[in-house]
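The structure under discussion appears below in the form of structure tokens.
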Number of protein chains: 2
Amino acid sequence: MATSRRELNKAATRQGITDAALTLLRSKGPGNFTVEDIADTAGISRRTFFNYFSSTDAALASVTHGFLDNAIQQFKLRPANEPILQSAQEALMALADPMTVAPLAELFTLTQQSTLMSHSELEAWDHCREQITAVARGRAAAGPGAVDELYLRALAGSVISCGKAAMEVWFTRRGADLSPASLAELRQLLIDAMALLGSGFTAGSTPAPSPSASRSS
Amino acid sequence: MATSRRELNKAATRQGITDAALTLLRSKGPGNFTVEDIADTAGISRRTFFNYFSSTDAALASVTHGFLDNAIQQFKLRPANEPILQSAQEALMALADPMTVAPLAELFTLTQQSTLMSHSELEAWDHCREQITAVARGRAAAGPGAVDELYLRALAGSVISCGKAAMEVWFTRRGADLSPASLAELRQLLIDAMALLGSGFTAGSTPAPSPSASRSS
DNA sequence: GTGCAAAGTTGCACGTAGTGTAAATGCGTG
DNA sequence: CACGCATTTACACTACGTGCAACTTTGCAC
């Protein structure tokens with residue numbers, strides 16, 4: 001296993017860097033601190049920072065990356081005969097607990113003012129999309145006939161988009177509220193989003209696919 | 001109006017910059033040239049470049065931006081009672097001609113080796129997504145009941161994802177081939193992608209693309 | 001423990017990105 | 001022509017990201 005001194009030190013340094021980056025994000029706001037600030041706060045040299053991350057964004061995006069890696073792990077555990085949409089839903093359900101969601105929620109609220117996600121964060125989501133594509137390809141290959149690339153890519157992309165949409169709506173509505181009621185709403189939003197996708201968005205302007213859907217504005 | 005000497009000069013300079021950027025992209029490959037190179041090629045100063053674009057990526061992404069602006073324009077012309085998915089499909093159909101697609105296809109093939117899209121390019125797609133969301137919101141508001149934010153965001157995001165997926169598959173299959181047969185395949189891919197989305201990806205591993213999936217105009 | 005090799009850290013130098021500022025140049029109008 | 005305004009340009013400055021060559025720490029054999 002990875003319990004040598006070297007591994008531990010590296011992990012600690014890595015964690016120290018993201019902690020420092022988050023601290024500075026909290027105190028100074030996005031874009032108002034430099035790599036040197038992070039390095040100083042973490043007690044390392046500027047050069048060492050770049051040995052771990054390629055940018056400030058990358059350091060912060062490790063939060064998102066961790067969450068999505070977790071999600072992919074859950075996703076891969078789902079039975080191969082389960083529909084992709086349901087696998088995605090179940091994987092996300094497993095992560096809708098306070099401890100897992102908290103870092104992501106804080107990162108989101110702190111970076112809300114900057115319109116678009118950072119490059120590194122988008123990279124993390126895209127990596128997740130590729131993983132989903134790979135799993136879907138594997139499941140399709142097990143069945144009959146040839147694998148349809150369009151189907152795989154469109155499906156994986158849409159799943160990611162809907163997952164993002166659900167989280168965005170939740171963050172927008174609830175901010176960093178991690179109460180049981182709020183998390184229940186997140187779960188419902190994720191379920192609704194996958195249901196919308198599974199039903200082809202057939203509902204009109206007032207869909208409410210699951211009766212107990214959303215709403216609490 | 002926009003025909004003063006100043007306006008013309010500005011437009012010419014802007015075009016000159018993107019042309020220079022594309023020339024260098026062709027000759028040196030992505031990432032192997034600097035802002036100064038572009039400025040020199042375009043015959044302007046480095047500082048002037050930054051008066052027009054915030055980065056090399058942004059200069060190149062103006063190609064994508066132009067295409068998507070065009071798409072949005074078509075999209076907004078669709079009747080308000082038409083389903084969003086069909087509006088999207090029709091808008092894209094209108095752009096599947098050689099002259100419009102060529103620049104995008106070349107940009108794509110030239111930047112294919114770098115895995116993820118540039119930040120500016122993603123920004124362009126995201127801007128398009130927001131426009132779709134806005135149109136969908138407008139249409140939903142015209143109907144009965146309250147507007148469901150989740151529905152809007154999930155739908156717009158999925159439409160973009162499926163459009164991207166169709167184009168990626170086409171680019172991957174046909175490279176920069178702009179023959180009528182190739183463009184017909186692009187149209188079919190776009191139709192199929194929207195059909196997949198509209199049917200909730202219910203098809204199994206072999207959705208059998210060709211004739212059955214199409215239906216439009 | 002001692003010695004050694006591999007892994008990790010650090011300082012330094014270099015080229016590039018992006019921005020503020022003020023001077024210079026070009027354009028439109030009286 | 002001369003004036004007001006928009007645009008371009010040179011210059012300076014901060015910050016990013018990387019290659020490189022010490023230097024320090026860790027793991028391991030003896």
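Treat the numbers as computed from the prediction; the structure is a model and nothing was measured. Each chain gets a letter, A, B and so on, in the order the sequences are listed, and its residues count up from 1.
- A close approach under 4.0 Å does not occur between any side-chain nitrogen or oxygen of B:Ser4 and OP1 or OP2 of C:dC27.
- Atom CZ of A:Arg5 is separated from atom C1' of C:dT9 by 16 Å (rounded to the nearest Å).
- Distance CD1 (B:Ile44) to P (D:dT9): 7 Å, rounded to an integer number of Å.
- Remark: C1' of C:dG18 and CD of B:Glu36 are 13 Å apart, rounded to the nearest angstrom.
- Judged by distance alone, the side chain of B:Tyr52 and the main-chain N or O of B:Thr13 form no donor-acceptor pair under 3.5 Å.
- Ring planes of B:Phe171 and B:Phe108: parallel class, angle under 30° (limits at 30 and 60°).
- Residue side chain A:Arg46 does not reach the base of D:dA15 through any donor-acceptor N/O pair under 3.5 Å, judged by distance alone.
- Following rounding to the nearest Å, B:Arg6 (CZ) and D:dA6 (P) show an atom-to-atom distance of 7 Å.
- Within residues 49-57 of chain A, the residues that have a heavy atom under 4.0 Å from DNA chain D are, in order of number, A:Phe50, A:Ser54, A:Ser55.
- B:Arg153 places no side-chain N or O within donor-acceptor distance of the main-chain N or O of B:Thr133, the cut-off being under 3.5 Å.
- To the nearest angstrom, P of C:dT16 lies 10 Å from NZ of B:Lys28.
- Taking the six-membered ring where tryptophan is involved, the planes of B:His127 and B:His65 are essentially parallel, since the angle between them stays under 30° and well short of 60°.
- Rounded to a whole Å, the CD1 atom of A:Ile17 is 12 Å from the C1' atom of C:dG8.
- Contacts of A:Thr34 with the nucleic acid, taken as non-hydrogen atoms under 4.0 Å apart, involve only primed sugar atoms and P, OP1 or OP2.
- For A:Asn9 and D:dT26, the shortest distance from a side-chain N or O to OP1 or OP2 is below 4.0 Å.
- Under 4.0 angstrom from either OP1 or OP2 of D:dT8 there lies at least one side-chain N or O belonging to B:Thr13.
- Taking a 6.0 Å sphere around CZ of A:Arg26, one finds it holds more than 12 heavy atoms contributed by other residues, nucleotides or ligands.
- When the nearest nucleotides of DNA chain D are assigned to B:Arg47 and A:Arg47 by heavy-atom distance, the more 5′-ward of the two goes with B:Arg47.
- For the residue pair A:Asp177 and A:Ser179, a side-chain donor N or O sits within less than 3.5 Å of a side-chain acceptor on the partner.
- Residue A:Lys10 contributes atom NZ, which lies 13 Å from atom P of D:dG27 at whole-angstrom precision.
- One finds no side-chain N or O of A:Thr48 lying less than 4.0 angstrom from the OP1 or OP2 phosphate oxygen of C:dG8.
- Here the P atom of nucleotide D:dG17 and the CD1 atom of A:Ile38 are 10 Å apart, to the nearest Å.
- Using a 4.5 Å cut-off on side-chain heavy atoms (C-beta onward), A:Ser161 and B:Ile160 make no contact.
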